[in-house]
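The block underneath contains the structure these notes are about, expressed in structure tokens.
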Amino acid sequence: MASLIACPHCGPRPKEEFTVRGDAGIIRPAPDAGEDAWYAYVYLRDNPRGRHKEHWHHTSGCRRWLIVERDTVTHAIYGVSDAAGAPSQGETA
Amino acid sequence: MIGAVTRDHIDMRYSAFSVFLNALRGNKGWKPAWRSPVPKNRYDVIIVGGGGHGLATAYYLAKEFGITNVAVLEKGYIGSGNVGRNTTIIRSNYLLQGNNPFYELSMKLWEGLEQDFNFNAMVSQRGVLNLYHSDAQRDAYTRRGNAMRLHGVDADLLDRNAVRQMLPFLDFDNARFPIQGALMQKRGGTVRHDAVAWGYARGADTRGVDIIQNCEVTGIRRENGRVVGVDTSQGFIGCGKLALAAAGNSTVVADMVDMKLPIESHVLQAFVSEGLKPFIDNVVTFGAGHFYVSQSDKGGLVFGGDIDGYNSYAQRGNLATVEHVAEAGVAMIPALSRVRVLRSWGGVMDMSMDGSPIIDRTHIDNLYLNAGWCYGGFKATPASGFCYAHLIAKNEPHETGRAFRLDRFARGRMIDEKGVGSQPNLH
Amino acid sequence: MSSFRLPKGGSIDRAKPLDFTFDGKPMQGFAGDTLASALLANGRQLVGRSFKYHRPRGILTAGAAEPNALVTIGEGGRTEANTRATLVELYSGLAAKSQNRWPSVDFDLGAVNSLLSPFLGAGFYYKTFMWPVAFWEKVYEPIIRKAAGLGRATYEPDPDSYEKWWAHCDLLVIGAGPAGLAAALTAGRAGARVILADEGFEPGGSLLSETALVGDRTAIDLLAHTLAELASLSNVRIFSRTTVFGWYDGNVFGALESVQKNTAVVDPNRPVERIWRIAAKHAILASGAEERPLVFGGNDTPGVMMAGAMRSYLNRQAIAPGKKTVIFTNDESGYRTATDLETAGLEVAAIVDARASGASSWSGRAPVFPGALVQDATGSKALTSVTVLKGGTPVTINADALAMSGGWSPIIHLACHRGAKPVWSDAKAAFLAPETLDGLTIAGSAAGVGSLEACLADGAGKATSALQALGFSSAAPAFALAADAATVAKPLWYVRGAKGKAFVDYQNDVHLKDLGLAVSEGYGHVELAKRYTTNGMATDQGKLSNINAIGILAEARKVSPADVGTTTFRPFYTPLSFGALTGASKGKHFQPVRKSPLHDWAKKNGAVFVETGLWYRSSWFPKTGETTWRESVDREVLNVRKNAGICDVSTLGKIEVFGKDAAEFLNRVYCNAFLKLPVGKARYGLMLREDGMIYDDGTTSRLSENHFFMTTTTAYAAGVMNHLEFCAQALWPDLDVQFASSTDQWAQIAVAGPKSRMILQTLVDEDISDAAFPFLGAKEVSLCGGTLTGRLFRISFSGELAYELAVPAGYGEAIADAIMEAGKPHGICPYGVEALGVMRIEKGHVTHSEINGTVIPSDLGFAKMVSATKPDFIGKAMLAREGMVADDRLSLVGVKPLDPATTFKTGSHILSDCATPSLENDQGYVSSSCYSPNLGSTIGLALVKHGPKRHGEHVTVWNDLKNEYTKAVLCSPVFFDPENGKLHG
Amino acid sequence: MVDFALVHRPALAGAKSGSFGAPATGNRITLAALPEGHVLQVLASKGSASLEELIRQIADGNKTAVRAYGPGQWFVVGDATLSPAEIAGKAALLSGKASIAEQSHGRIRIGMSGGSVEAALAKGTAVDLDRTKFPVGRSAMTLIGHISALITRTGDESFEVVVLRGFAESLWDELIQMSLEFGVDARATV
Ligand SMILES: Cc1cc2nc3c(=O)[nH]c(=O)nc-3n(C[C@H](O)[C@H](O)[C@H](O)COP(=O)(O)OP(=O)(O)OC[C@H]3O[C@@H](n4cnc5c(N)ncnc54)[C@H](O)[C@@H]3O)c2cc1C
Ligand SMILES: NC(=O)c1ccc[n+]([C@@H]2O[C@H](COP(=O)([O-])OP(=O)(O)OC[C@H]3O[C@@H](n4cnc5c(N)ncnc54)[C@H](O)[C@@H]3O)[C@@H](O)[C@H]2O)c1
Ligand SMILES: Cc1cc2nc3c(=O)[nH]c(=O)nc-3n(C[C@H](O)[C@H](O)[C@H](O)COP(=O)(O)O)c2cc1C
Ligand SMILES: [Zn+2]
């Protein structure tokens with residue numbers, strides 16, 4: 001993976017154009033959710049062997065945050081979508 | 001106190017003399033460096049992971065604490081993990097109070113290790129230089145160097161000319177980011193990675209520890225809140241205490257007891273060049289890009305850079321990172337341009353949320369955790385094994401490792417050398 | 001002497017002689033020679049010395065697997081060590097040198113190691129050199145290091161250039177032998193975008209040395225026709241001299257093209273090497289097969305050669321291997337070599353065939369010994385005789401050449417770069433790549449196919465199915481189906497009872513006994529054996545040795561090769577220069593340069609520049625007569641505080657924030673309140689990370705209801721932009737907010753000092769009196785009588801009455817000039833980041849020297865800025881943790897020496913007065929320091945335990961690195977104008 | 001107020017001009033600094049329906065004037081310089097539906113053309129610029145070497161590159177480097 005990521009807006013692009021943030025499964029708790037919830041949000045991530053969803057930012061492209069679903073063992077990519085659900089543009093490549 | 005020493009051990013002591021003797025006997029006399037035992041039904045302590053830390057822990061449990069009914073379970077072959085694939089740099093040039101004494105203890109253990117476990121691990125204190133290229137970096141190294149001195153660790157701040165005299169082949173004349181100087185630790189250096197695993201394995205084995213290869217832990221059995229044993233590819237094995245030392249696979253094993261860890265697994269690549277006559281005598285790290293290099297005793301330039309940046313359990317990386325590392329290499333040493341890179345590989349690292357490790361008990365009272373070593377765990381091997389053995393034997397953290405607590409994140413007591421926070425791929 | 005070159009034959013161009021040297025000796029070859037073939041033609045068999053025992057070594061192969069013929073070519077910055085002579089295309093002026101020998105390759109003192117060999121068995125160094133302790137670094141290691149290694153690298157920089165190139169195709173074909181050509185032709189005809197890459201300097205692979213007929217045409221003729229048709233197809237690109245070195249995720253292949261490695265005169269407009277990143281929808285690996293060496297005594301004696309290589313040198317370069325050749329073979333290919341030798345009129349003394357059955361058919365003159373074995377080859381620097389075990393009895397045959405063929409191993413290196421494990425096939429007696437690989441198909445002998453016709457058919461067939469999957473339904477195979485005629489022999493891993501050393505890994509001097517020792521010492525696992533003996537770890541990566549090592553381990557462990565398995569195939573297929581991997585990004589071009597719109601303005605005002613990230617910033621403006629930077633900086637500081645100064649702050653990050661929810665959004669990303677910031681006002685904002693640490697700071701102004709203008713620090717501009725986009729897109733997609741980076745749109749100029757208003761008013765059309773435009777005012781202004789519109793902010797980093805004026809970048813220099821002009825009568829001067837730094841320290845303003853990722857607002861005295869009323873903002877929740885409220889946190893204080901004549905440096909630690917230096921007694925450290933010309937003393941900001949409670953306490957500022965121990969006092973971090981009188985002036 | 005002439009300093013004023021690289025080849029590359037006219041960054045407000053039509057109205061009519069580079073994000077470029085008032089007028093036209101960020105000085109346009117222009121650019125970007133995949137009018141925000149820029153195909157053998165002002169000179173040098181083997185004529189002044 002990451003040699004080429006198919007950005008839903010820009011088409012296949014190399015790793016150099018992206019910034020990886022990590023686990024896209026974590027959801028920001030409510031302000032009053034309590035210490036444990038916040039600790040979990042800030043410090044605990046899914047780290048599976050296999051299928052995993054991550055936040056990738058197309059920094060040198062459309063500047064959209066994407067959700068890349070991939071396999072952490074084979075590096076196969078199952079799908080890439082816009083984190084805010086923006087519809088994919090007629091991809092350019 | 002000294003653990004049990006078997007006759008076999010005495011016979012097989014390595015020395016110039018034993019090499020000579022065996023040569024005359026056509027080298028037929030050598031015995032296996034460690035046995036390949038069938039697992040017993042139960043051990044007092046089971047260590048998951050036959051890497052540097054697991055094997056060192058077993059060695060010190062036997063040697064320092066007399067606990068010899070111990071098994072090290074390794075899913076592959078010994079050293080198949082990061083201990084067998086790292087760039088072998090050892091140093092104790094840390095900034096923070098939690099880290100600095102621990103890595104210095106490790107350095108002291110390295111300094112006596114080979115005679116201690118009777119195996120030449122080629123501990124080579126050839127000096128580590130961290131280059132700086134800006135006033136801000138110099139100030140940060142001044143702070144770090146002084147922190148080291150406060151603990152009696154050797155540190156020197158070199159200016160541009162001093163560095164140039166030592167390493168005239170660095171780019172001093174045409175650099176995009178001119179070298180201003182370096183923080184040097186003379187006692188830093190390199191160690192032959194495989195030999196560390198083998199030396200500890202042999203040392204532990206001769207003291208009665210069972211080292212069981214091709215034995216993957218697939219499950220952890222619990223009865224009324226305590227661990228009673230592990231399911232493995234070689235069947236169930238019971239234990240009194242279970243100690244995890246699975247490095248890059250730590251969260252996978254922890255998941256077996258539904259324990260979530262503040263750790264992500266990332267791939268870090270390393271590289272070796274074709275064999276060359278002596279080219280560079282020290283360990284040098286670049287300050288304006290991700291690159292560090294030393295020369296192995298075989299002649300290969302061993303070097304590396306930064307992690308690829310995405311979660312991975314594949315021990316292989318990405319071409320873009322390879323190119324990035326090479327660019328930084330040539331920026332530091334222009335003459336590398338015509339040197340050929342022979343091989344690249346990757347290892348899976350347990351990146352923690354503050355870049356520092358965890359050696360601690362867990363919510364299960366006979367389950368122990370050793371993880372979160374990031375790039376830095378090879379140099380830590382002896383101290384990690386020593387402190388972890390202490391924790392397992394006495395159920396009390398060793399003084400020197402006590403900052404590496406699992407609850408420090410929840411308590412807001414992070415040990416963050418880089419100051420980048422809970423973003424593992426930046427540590 | 002050229003006796004080894006036959007008078008006729010081969011594909012060399014005898015009309016084009018090429019002069020070169022070897023170890024300084026002038027020699028001649030022809031166009032079409034490799035360095036290896038040219039050396040052979042000149043009777044140079046002994047070309048190198050081995051790694052450990054310094055044994056004389058000759059040329060063994062004709063390709064990438066060469067373990068022996070490693071030479072150093074080129075001079076000065078072009079010196080290249082460990083170069084395979086077999087891959088070097090000969091050119092005139094080539095200078096080659098042998099390696100790892102002293103004084104010469106013919107007489108090498110290192111050879112005494114051979115006598116010591118019993119003591120130098122595998123891993124001997126792990127067992128000794130441990131005493132005395134101090135001896136390792138001082139004595140043993142230097143000796144080992146000097147002995148180890150092969151060639152010597154240069155310290156001179158490389159004069160040549162490199163580059164990288166992306167390529168895209170439907171089908172990448174790796175290898176231009178029969179299989180690859182057939183695949184490429186099939187795909188080319190179907191109209192697919194095809195790239196055909198081959199490492200050789202001419203395409204054709206084994207066809208180039210093939211004498212057999214294909215149907216009714218010669219192999220050479222077939223090759224010519226195929227290449228002609230491919231050349232006529234615009235959708236096909238042929239990359240010669242291009243090695244595909246790695247297969248990466250996303251089906252991207254890395255390839256190295258050597259562009260100008262075949263000439264002594266380098267055209268500076270082109271690179272010497274170029275890396276291709278090839279994005280292929282599908283690829284066909286037609287890399288061929290490697291002939292297996294046979295493991296017998298003295299199998300490394302110069303004159304012993306792979307049968308296929310011997311045949312290639314004979315047929316391509318008309319090289320006679322010697323006068324009298326013995327063939328030792330375990331399959332048919334030995335006979336092909338024998339045939340071609342005899343056809344060329346050379347004597348084949350005997351064909352020693354390990355197979356009891358012998359050859360299926362042999363009509364040549366040479367006698368065949370079925371079921372016989374070569375046990376030893378003898379000769380010190382060149383082969384003289386061969387001992388053959390025939391019907392159990394040894395017979396000696398005089399010979400000066402020995403061809404060996406142990407069978408063939410498919411070259412599946414690339415197929416295994418992405419984690420696939422090879423599978424052992426008893427039928428093929430070889431490891432094959434797994435059948436199903438996404439995006440890659442193996443064809444030809446790389447897939448275990450034997451005969452030429454079958455390889456052609458296989459390549460064509462595999463291409464057809466690959467193309468159909470890609471939607472080229474029309475694709476039809478370019479060659480008809482053909483049965484595989486080749487037979488596969490039972491492998492012969494080694495010959496028993498050899499007297500001499502039987503080498504498995506030539507380059508690393510690993511011999512049969514070493515592998516035995518590894519097994520008996522418990523290192524029998526193929527990976528442990530590799531590491532313990534170093535088999536397969538040399539520059540050839542075991543292309544020849546691994547398979548035999550596996551066979552030998554299998555026998556020693558009494559299991560099948562399937563159970564032993566292979567070691568891991570890793571990039572690179574063949575070694576790759578740093579230069580190629582680096583491309584054009586070297587020297588000053590290592591990273592791009594980012595220039596402020598005021599760069600040239602600063603330059604013409606005499607600025608001294610400093611790298612700040614990718615930017616260059618002006619650090620001070622020396623005046624003639626000033627000899628030290630301190631002089632200039634002191635003057636700038638004093639002048640700004642007395643009169644006025646102008647400073648380029650364009651590198652600060654600037655972000656336009658738009659949208660109905662812009663205010664709500666900013667209120668959530670800053671820890672202080674922004675919701676009610678009035679239009680026309682600026683506010684200092686603190687941005688936290690979710691873990692509560694301060695991430696960045698800066699002023700943000702409200703230009704209109706739904707339009708804010710945010711500034712960030714120079715270093716964090718990009719990071720903050722990413723962070724804002726994450727919050728907007730991933731956390732709160734429901735908010736209507738958009739961002740545009742306008743850092744480069746604006747030239748931003750700080751004008752500071754008591755006279756700054758007077759000066760600016762001459763340019764600004766609107767009234768900027770304190771009443772009309774008070775502290776923290778922010779608005780669009782008209783400049784110079786309406787000629788230009790800019791943005792004016794009344795903010796101050798220096799603590800003076802100060803403004804920041806933003807104007808469209810292209811007019812930055814004009815406006816800066818105008819300000820200088822207007823300021824002249826008021827004594828304005830340009831000042832740089834150094835003076836700025838001094839003034840901000842005097843005022844106790846923090847930067848990233850303090851905001852280092854481990855501090856929270858209260859550490860820096862910003863506790864009151866953290867909104868208690870906002871329900872939520874990034875970082876709020878985590879601030880409650882015990883460690884964050886603990887009172888032993890390091891927090892901000894000022895520090896100054898008791899004796900102004902003394903000084904201290906940033907990075908020094910703080911110890912309580914007279915405390916013994918230790919980590920336990922460490923109280924904190926100096927985060928920033930400077931000489932303050934206003935206070936006439938060094939001053940510093942420090943992060944210290946209980947800091948604010950300790951003002952007035954005497955401490956030691958401890959800088960052991962510089963033996964500098966300064967008595968100092970802790971104080972308020974605001975050293976200058978604490979009442980901010982000047983600021984509001 | 002001081003009397004002074006408002007002199008505009010082009011971003012590439014200091015960049016090198018002239019002919020470089022291989023002597024005349026059929027496929028020479030031409031590199032030209034384009035007029036620092038207008039570059040407007042248009043950002044769609046949340047929930048705005050497709051704005052292409054509206055945005056075309058604020059452009060100067062040139063067929064490659066509007067350049068989409070991501071969802072709800074466009075650059076509108078042209079040779080003419082626009083006064084703040086003119087830009088305000090265009091903003092009004094989009095009011096509520098999209099915002100305009102003035103980037104006329106922040107982004108620099110470079111024209112690149114010639115027989116081997118695709119090949120030269122392929123040394124920098126991973127975008128497949130093949131004519132069938134990347135037709136005239138198509139744009140892509142991408143990395144060229146280490147610098148990110150907006151590439152637009154403006155003709156069969158011509159592209160336009162839009163880059164941050166601060167990086168313009170660096171990119172200019174890189175583009176020349178990438179073109180050397182084909183030969184390049186570079187005009188840094190409009
Ligand atoms: C490329 C690279 C370069 C590095 N460079 C340096 C350096 O220069 N200096 C430095 O100090 N550090 C370096 N490191 C870090 C260092 O190598 C590691 O932190 C350290 O080796 C980890 O400890 P370990 O040796 O016990 O890990 P490992 O050797 O990885 O041991 C963990 C073992 O656990 C086994 N295991 C995992 N799961 C199971 C299971 N379920 N059952 C059984 N066994 C299991 C694995 O197979 C593995 O053998 C580097 C790391 C890498 C990857
Ligand atoms: N069993 C046998 O008798 C036997 C075994 C092997 C080969 N052969 C004969 O050899 C021929 C095999 O044809 P083929 O096309 O399969 O192989 P080939 O050897 O003819 O061609 C392979 C080509 O790929 C190139 N190559 C290999 N790796 C490369 C890489 N990474 N990058 C770029 N180029 C690379 C090689 O330089 C070579 O030119 C047939 O004629 C066959 O009869 C016979
Ligand atoms: C310090 C060090 C030096 C190495 N030197 C060599 C070398 O000279 N030749 C070689 O082929 N591999 C060398 N390697 C790489 C190993 O062959 C191997 O790739 C690495 O240990 C990872 O194992 P794997 O590739 O089997 O996964 C070296 C590795 C390390 C850690
Ligand atoms: Zn994109």
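By convention in this document, chain letters (A, B, ...) are assigned in the order of the sequence lines, proteins followed by strands, and residues within each chain are numbered from 1. Just so it is clear, the structure is predicted and the values come from calculations on it, not from any experiment.
- Using a 30° and 60° split on the angle between ring planes, B:W198 and C:Y532 fall in the perpendicular class, above 60°.
- Heavy atoms of C:I143 lying under 4.5 Å from chain B are absent altogether.
- In this structure, the portion of C:Y925 lying under 4.5 Å from any heavy atom of chain B is its side chain and not its backbone.
- B:A155 touches chain C through backbone and side chain together, each having a heavy atom under 4.5 Å away.
- Heavy atoms closer than 4.5 Å to chain C are found nowhere in B:S134, neither backbone nor side chain.
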Subject >> Steps toward ring-ring contact (aromatic ring centres under 6.0 Å, His included) verdict (C:F578, B:F303) >> reply: CA-CA 12 Å; C:F578 267 88; B:F303 60 99; 4.9 Å; yes
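- Between B:R340 and C:L576, the closest side-chain pair of non-hydrogen atoms is not below 4.5 Å.
- Counting heavy atoms from C-beta on, the side chains of B:V325 and C:L581 never come closer than 4.5 Å.
- Of the two parts of C:M878, neither the backbone nor the side chain holds a non-hydrogen atom closer than 4.5 Å to a non-hydrogen atom of chain B.
- Between C:E141 and B:V123, the closest side-chain pair of non-hydrogen atoms is not below 4.5 Å.
- Looking at heavy atoms from C-beta onward, C:R531 lies out of side-chain contact with B:H193 at the 4.5 angstrom threshold.
- Listed options C:G583, C:S927, C:S918 were ranked by heavy-atom pairs under 4.5 angstrom with chain B; first place goes to C:S918.
- Contacts between C:D691 and chain B at a heavy-atom distance below 4.5 Å involve the side chain alone, from C-beta outward.
- For a residue to count as touching a neighbouring chain, one of its non-hydrogen atoms must lie under 4.5 Å from one of that chain's; by this rule C:T539 touches chain B with backbone and side chain alike.
- B:D416 and C:R689 get closest at one heavy-atom pair: OD2-NH2, 4.4 Å.
- Under the 4.5 Å side-chain criterion, counting only non-hydrogen atoms from C-beta, B:R176 is in contact with C:E611.
- There is no contact between C:K905 and chain B, counting heavy-atom distances below 4.5 Å.
- At a threshold of 4.5 Å between non-hydrogen side-chain atoms, the residues C:Y126 and B:Y14 do not count as touching.
- In this structure, chain B has heavy atoms under 4.5 Å from both the backbone and the side chain of C:R78.
- Using a 4.5 Å cut-off between heavy atoms, B:R192 contacts chain C through its side chain alone, with no backbone atom that close.
- Closest heavy-atom contact between C:M130 and B:E114: SD-O, 3.8 Å.
- At a 4.5 Å heavy-atom cutoff, C:H589 makes no contact with chain B through either its backbone or its side chain.
- Contact count against chain C (heavy-atom pairs under 4.5 Å) is highest for B:A335 among B:A335, B:A331, B:G299, B:A410.
- Interface check for chain C: of the options B:P334, B:S15, B:P178, the most heavy-atom pairs under 4.5 Å are formed by B:S15.
- The contact between C:K164 and chain B is made entirely by side chain atoms (from C-beta outward), counting heavy-atom distances below 4.5 Å.
- Counting heavy-atom pairs closer than 4.5 Å to chain B, the top residue among C:N921, C:D160, C:I275, C:V926 is C:D160.
- Partners of B:A197 by side-chain contact (heavy atoms from CB on, under 4.5 Å), not counting sequence neighbours, listed by chain and number: B:L55, B:I78, B:V83.
- A salt bridge is absent between B:R338 and C:E273: the closest approach of a Lys/Arg side-chain nitrogen to an acidic carboxylate oxygen does not fall below 4.0 angstrom.
- With a 4.5 angstrom heavy-atom cutoff, C:T83 touches chain B via backbone and side-chain atoms both.
- Residue with the most contacts toward chain C among B:D156, B:V330, B:L157, B:N100: B:V330 (heavy-atom pairs, distance under 4.5 Å).
- Heavy atoms closer than 4.5 Å to chain B are found in both the backbone and the side chain of C:E882.
- Your options are C:S585, C:P157, C:A147, C:G524, and the one with the most heavy-atom pairs under 4.5 Å with chain B is C:S585.
- For the 3.5 Å distance criterion, the side chains of B:N174 and C:K586 fail to qualify, holding no donor opposite an acceptor.
- Ion pairing between B:R202 and C:E521 fails under the 4.0 Å rule for side-chain N and carboxylate O.
- Taking chain B as the reference chain and counting heavy-atom pairs below 4.5 Å, the highest number among C:F245, C:F51, C:Y523, C:Y140 is found for C:Y523.
- Side-chain contact check for C:N959 and B:N146: at least one donor-acceptor pair (N or O, by modelled atom type) lies under 3.5 Å.
- Using a 4.5 Å cut-off between heavy atoms, B:Q315 touches chain C through backbone and side chain atoms alike.
- Neither the backbone nor the side chain of C:S929 comes within contact range of chain B; no heavy atom of the residue lies under 4.5 Å from a heavy atom of that chain.
- When each of C:W958, C:F129, C:F124 is checked for heavy-atom pairs under 4.5 Å with chain B, C:W958 comes out on top.
- With a 4.5 angstrom heavy-atom cutoff, C:R145 touches chain B via backbone and side-chain atoms both.
- Inter-residue side-chain proximity for C:E137 and B:M122 is flagged as unmet; no heavy-atom pair is nearer than 4.5 Å.
- Both the backbone and the side chain of B:D281 come within contact range of chain C, judged by heavy atoms closer than 4.5 Å.
- Using a 4.5 Å cut-off between heavy atoms, C:P132 does not touch chain B at all.
- At least one side-chain heavy atom of C:L911 sits less than 4.5 Å from a side-chain heavy atom of B:L150.
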